[in-house]
Protein chains: 2
Amino acid sequence: MSDFINETVATQLKKNRTGKGWSLDVASQHCGVSKAMLGQIERGESSPTIAKLWKIATGFNLPLSAFLGVNNEQTSHIQGLLADKKVSINTLFEFDKHTGIEMFELCFAIGHEQYSEAHQTGVLEHIVVTCGEMEYFCGDQWHRLNTGESAKFNADQAHGYRNVGNDLLRFFNIIHYP
Amino acid sequence: MSDFINETVATQLKKNRTGKGWSLDVASQHCGVSKAMLGQIERGESSPTIAKLWKIATGFNLPLSAFLGVNNEQTSHIQGLLADKKVSINTLFEFDKHTGIEMFELCFAIGHEQYSEAHQTGVLEHIVVTCGEMEYFCGDQWHRLNTGESAKFNADQAHGYRNVGNDLLRFFNIIHYP
DNA sequence: GCATATTGTACGTTAAAACGCACGGAAGGT
DNA sequence: ACCTTCCGTGCGTTTTAACGTACAATATGC
């Protein structure tokens, strides 16, 4: 349930305390919290209030987050190489219902082109070209993008991309769903 | 004294709750915490335990740090932006109120590092490294990213970036505001 | 006008955080 | 052996977080 947060606080507190070479007694003096309480927290027997945890954090000269194990979902992807395929699509960020964002990196071989059906209304695509030259189709015509250029367009219509340079094309695609 | 932490939790809770258009009752159902308690916390009349605050945070689909207003006293010297040529920031997409997205490309000289203050709650940053090796600071530690890797983290806390490689660092930063 | 939800607050009780003190164990000194 | 000192834990009490319910507000409907 929510016991894991107590566990992380327990381990972090003990690690920080012993790391400074403090006994429960001296830690108590620094923090203004009884050593009995500190012991109970370290054993996971009690869940401190944030007021007390703040006193502990300031006593340790550390930010509050040092005791919370910081749940900031970081995900890391290694870039998938395109062997001898014509195209590779690498998902950098899966669709997130909170932000409405998903992000891909695409690699196109020379001359390759690809089309996509219309998405639902309000969907926006963001293109950033990191390598090569491309054109993207939107509305009723093609638009050119060189390396380092970027564009934003409505994707609630048929659209497409193609490599028009003499090298590998790499570009990012950030899609936002309303 | 240590009352200020209760104040920040109080204001953050009320802001997040009303921001979602939730009453104390529905917030209680989402979090599994009595609405009487939520009311007392919002009025600063009681200091929740971290276990309860964690239940609240998960009920709101927010990180714990969203309620703690982290961080004070963290050495954050804001570097002169484009004055010296140690860093360049290129705006690819201006902030769009419809998508809540803005996007930058950043270039750091060798060894350069830069910090940013906490953004408003719920702000998410997406990092994609296109060249070089970097580390980003988030929560209470640095996280490494090599070329081609990416990461997503909550930016409603003090955070930073630094070039830890032997070459120019290039990375994209997509910031999403809720 | 009178009902009927819906909101946030106040009250009384229960569970638990937090305190102070005392206890057993381990390390060091004489 | 001994005494001393420091460590962490257990116990009893006080404080308070947390709960459930009832209450006074403010709207919406008939």
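Chain identifiers are assigned alphabetically (A, B, ...) following the order of the sequence lines, protein sequences preceding nucleic acid strands; residue numbering begins at 1 within each chain. Computed from a predicted structure; not experimentally measured.
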query = Does a nitrogen or oxygen in the side chain of B/Ser23 sit under 4.0 Å from OP1 or OP2 of C/dT6?
reply = no
message = Membership question, hydrophobic clusters at under 4.5 Å side-chain separation (ILVMFWY): are A/Phe172 and A/Val164 in the same one?
response = no
ask   = Once the angle between the rings of A/Tyr161 and A/Phe153 is folded into 0 to 90°, is it parallel (under 30°), tilted (30 to 60°) or perpendicular (over 60°)?
value = tilted
inquiry  = With heavy-atom distances below 4.5 Å as the criterion, would you say the side chains of A/Met103 and A/His126 are in contact?
reply    = no
task = Decide yes or no for B/Phe67 and B/Phe60: does some side-chain heavy atom of the first lie under 4.5 Å from some side-chain heavy atom of the second?
result = yes
remark   = Letter by letter from the 5' end, nucleotides 9-24 of chain C scores (B base, S sugar-phosphate only, - none; protein heavy atoms under 4.0 Å) BB------SBBB----
key: CZ (B/Arg170) with more than 12 external heavy atoms under 6.0 Å   = no
query = Looking only at side-chain N and O atoms, does B/Arg17 come under 4.0 Å of OP1 or OP2 in C/dG8?
reply = yes
